[in-house]
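The next block holds one structure in the form of structure tokens; read it before the comments.
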Amino acid sequence: MIRIVILNSLRDEIFKIFKKDALKIYGLIDKLKVNPNQGKVLGHVGNMSIRELRYGSFRFYYIIDGNKLRLFNQSKIEDLLIQFIAMSKKNDQQRTIAEIRELLKRITE
């Protein structure tokens, strides 16, 4: 079973910025339950894969266990956790990705 977790601070920011379009964004995020390979791979830290989903000029960043995603096919993924952790506009993209990588490096050590 694929489980998707969105940080509370990110959830609040989505509702604050998008208001009525927030439901479209949650629909986009919910599609990951059907196809967890969706989204652009930005890099790996340890066994965690950093990915992004785009909505207009915004990027939503999430982390996923890259080993489970590579080893199992769609029908055999059982305990996959997808965690949405950040959002940025196109012009803040590099800074946000660097912050996520730094955070994951500290956690994995």
Side-chain angles (χ1 to χ4, degrees):
M1 180 177 156
I2 298 174
R3 195 172 67 160
I4 298 175
V5 175
I6 303 172
L7 293 179
N8 288 334
S9 59
L10 181 58
R11 180 175 285 124
D12 293 342
E13 191 175 354
I14 289 171
F15 276 118
K16 179 180 163 186
I17 292 174
F18 295 102
K19 297 183 187 359
K20 291 181 182 178
D21 285 343
L23 296 177
K24 289 181 185 177
I25 293 169
Y26 287 124
L28 179 69
I29 289 171
D30 208 37
K31 287 182 183 178
L32 287 173
K33 289 183 180 178
V34 176
N35 183 11
N37 285 317
Q38 183 180 351
K40 181 180 176 184
V41 178
L42 301 175
H44 301 279
V45 176
N47 64 345
M48 302 302 288
S49 177
I50 304 169
R51 295 178 174 234
E52 78 173 358
L53 281 179
R54 293 186 210 159
Y55 181 79
S57 64
F58 287 89
R59 272 71 170 142
F60 297 93
Y61 302 98
Y62 62 98
I63 56 175
I64 190 169
D65 187 351
N67 290 338
K68 285 186 181 180
L69 201 56
R70 276 191 299 255
L71 294 176
F72 301 111
N73 62 16
Q74 178 66 27
S75 62
K76 294 191 178 190
I77 293 177
E78 293 179 0
D79 293 325
L80 186 63
L81 176 64
I82 300 173
Q83 296 176 323
F84 277 82
I85 55 174
M87 176 179 84
S88 75
K89 285 195 127 190
K90 175 67 176 162
N91 53 359
D92 297 329
Q93 184 178 11
Q94 287 300 96
R95 183 178 50 82
T96 305
I97 295 169
E99 289 173 0
I100 293 170
R101 283 189 177 148
E102 192 62 35
L103 177 69
L104 287 176
K105 284 179 185 176
R106 278 190 250 141
I107 290 173
T108 56
E109 292 173 355

* To do: Report whether L23 and I14 are members of the same hydrophobic cluster (ILVMFWY, side-chain heavy atoms less than 4.5 Å apart, transitive linking).
  => no
* To do: Starting at CG of N91, measure out to OG of S57 and round the result to the nearest 0.5 Å.
  => 8.0 Å
* To do: Among residues two or more places apart or on two chains, list those pairs meeting salt bridge (Lys or Arg N to Asp or Glu O under 4.0 Å) that have a residue in residues 4-16.
  => none
* **ring pair (Phe, Tyr, Trp, His ring centres under 6.0 Å) evaluation trace for Y26 with F84** => CA-CA 11 Å; Y26 287 124; F84 277 82; 9.1 Å; no
* Close side-chain approach of L42 to R51, heavy-atom, < 4.5 Å -> no
* Beyond-backbone contact of S49 with V41, side-chain heavy atoms, under 4.5 angstrom -> yes
* Asked: To the nearest 0.5 Å, how far apart are CG in L104 and CE in M48?
  -> 6.5 Å
* To do: Applying side chain to side chain contact (heavy atoms under 4.5 Å, CB included), run through I4 and K33 and close with a yes or a no.
  => CA-CA 8 Å; I4 298 175; K33 289 183 180 178; 3.7 Å; yes
* Asked: Do Y62 and Q83 pass the side chain to side chain contact (heavy atoms under 4.5 Å, CB included) test, and can you show the C-alpha distance, the side-chain angles, and the key distance before you say yes or no?
  -> CA-CA 5 Å; Y62 62 98; Q83 296 176 323; 5.9 Å; no
* Mind checking ring-ring contact (aromatic ring centres under 6.0 Å, His included) for Y61 and listing every partner two or more places apart, or none if nothing turns up? => none
* Asked: Do I82 and V5 have side-chain heavy atoms sitting under 4.5 Å apart?
  -> no
* Structure fact -> Correct closest heavy-atom pair for L53 and G39 would be CD2-CA, 4.0 Å
* Asked: So how far is it from K24 NZ to I29 CD1, rounded to the nearest 0.5 Å?
  -> 14.5 Å
* Are D92 and K89 ion-paired here, with the side-chain N under 4.0 Å from a carboxylate O? -> no
* **Aromatic plane relationship, F18 with F58 - under 30° parallel, 30 to 60° tilted, over 60° perpendicular** => perpendicular
* Asked: Passes side chain to side chain contact (heavy atoms under 4.5 Å, CB included), L28 versus Q38? Steps please.
  -> CA-CA 10 Å; L28 179 69; Q38 183 180 351; 4.0 Å; yes
* To do: Using the side chain to side chain contact (heavy atoms under 4.5 Å, CB included) rule, take R54 and K90 through it: C-alpha gap first, then chi angles, then the decisive distance, then the call.
  => CA-CA 10 Å; R54 293 186 210 159; K90 175 67 176 162; over 6 Å; no
* **Carboxylate-amine/guanidinium contact E99 R101, below 4.0 Å** => no
* Asked: Does H44 reach the side chain of I50, with side-chain heavy atoms less than 4.5 Å apart?
  -> no
